Structures are given as C-alpha cells and as structure tokens.
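Presented below is the structure to which this report refers.
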Amino acid sequence: MSADTNCTPTPCPCPCLPKVNQEQAVVDLLESIALQENALSHILCAEGKKMTTAMELDGLDLCKLLEVNDSATNMVHAVANLELVLKDKLEFISNNLYYPPAPSPSAAVR
C-alpha cells in the first residue's frame with residue numbers, strides 16, 4: 001500500500017428517530033412484547049397442526065413420526081427460551097420505570 005492513500009471515513013447517517021415521552025416508550029415496549037407473544041403462539045399452533053397432519057398421514061413410519069416429534073420438541077424449547085427473554089424484558093421495564101412521588105394530601109390543601 002502506498003503511503004499517500006487518502007482514506008477518510010464517510011459519515012454514516014443515522015436515522016432520525018421520533019421523540020417520544022416516557023409513557024409512549026413504555027406503551028411501545030409493552031406492545032412489542034405482546035406482538036412477540038402473539039407470534040410465538042402462532043408458531044406453537046403451527047407446530048400442533050404439523051403434528052396432527054403427520055399423525056393422519058397414511059404410511060408414515062415410526063422413524064418419520066419421531067423426526068416430526070423431535071422437530072416440534074426443538075421448536076417448543078426455542079419458544080420457551082424466547083419466553084424467558086420476553087419475561088426478562090418485561091421485568092427490566094417494570095423495575096426501571098421512574099414513578100414520581102405522589103403529592104401528599106397536606107400539600108394539596110395549601
């Protein structure tokens with residue numbers, strides 16, 4: 001490499017994020033958890049349908065049925081792991097919210 005190479009980094013433009021208040025941020029986080037929970041329930045439902053369909057197939061040998069069962073078991077384990085992540089996310093949100101102190105009744109009378 002030559003020493004006279006001019007390599008200046010180009011700035012990477014960051015997307016402009018909308019400004020939201022704390023209440024909206026919490027609502028957005030809770031909504032994201034709910035949407036992820038909904039998606040996981042659809043995945044589990046699809047696994048159940050896959051198992052039902054496999055059981056109804058004619059000529060399905062035990063080996064293939066066990067493969068389908070192993071696939072469903074792996075998916076259930078993956079969903080369970082994701083559930084733990086969502087639980088941690090929810091706990092993080094609830095443990096790190098700032099609740100302003102409620103005004104005392106005597107201060108409101110003044």
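Everything quoted here is computed from the prediction, not taken from an experiment. We use all heavy atoms of the structure for the numbers below, so side chains are in, but hydrogens, waters and symmetry mates are not.
Taking the side chain as every heavy atom from C-beta outward, Ser41 and Asn38 approach each other to under 4.5 Å. Asn69 has its side chain within reach of Met51: a pair of non-hydrogen atoms, C-beta onward, lies under 4.5 Å apart. Looking at Leu82 and Gln36, their side chains never come closer than 4.5 Å, going by heavy atoms from C-beta outward. Between Glu67 and Ser71 there is no side-chain heavy-atom pair separated by less than 4.5 Å.
Remark: Lys50 NZ is packed, more than 12 non-hydrogen atoms of other residues, nucleotides or ligands lying under 6.0 Å away.
With Leu60 as reference, Leu57 is the one residue of Leu57, Leu62, Asp58 to meet the side chain to side chain contact (heavy atoms under 4.5 Å, CB included) rule.
Considering CE of Met75 and CG of Asp70, their distance stands at 13.0 Å, rounded to 0.5 Å. Between the CD atom of Glu91 and the CG atom of Leu86 there is a distance of 11.5 Å, given to the nearest 0.5 Å. Taking CG of Asp88 as the reference point, atom CG of Asn95 lies at 10.5 Å (rounded to 0.5 Å).
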What side-chain donor-acceptor pairs closer than 3.5 Å can you find for residues 15-34, not counting sequence neighbours?
{"from": "Asn21", "atom 1": "OD1", "to": "Glu23", "atom 2": "N", "distance (Å)": "3.4"}
{"from": "Asn21", "atom 1": "OD1", "to": "Gln24", "atom 2": "N", "distance (Å)": "2.7"}
{"from": "Gln24", "atom 1": "NE2", "to": "Asp28", "atom 2": "OD1", "distance (Å)": "2.7"}
{"from": "Ser32", "atom 1": "OG", "to": "Leu29", "atom 2": "O", "distance (Å)": "2.7"}
{"from": "Ser32", "atom 1": "OG", "to": "Lys89", "atom 2": "NZ", "distance (Å)": "3.0"}

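At a threshold of 4.5 Å between side-chain heavy atoms, the hydrophobic network of Ile, Leu, Val, Met, Phe, Trp and Tyr places Ile43 and Val76 in one connected group. Cluster membership check: Leu44 shares its hydrophobic cluster with Leu40, using side-chain heavy-atom separations under 4.5 Å among Ile, Leu, Val, Met, Phe, Trp and Tyr.
Checked for salt-bridge contact, Lys87 and Glu83 miss the test: no charged N lies under 4.0 Å from a carboxylate O.
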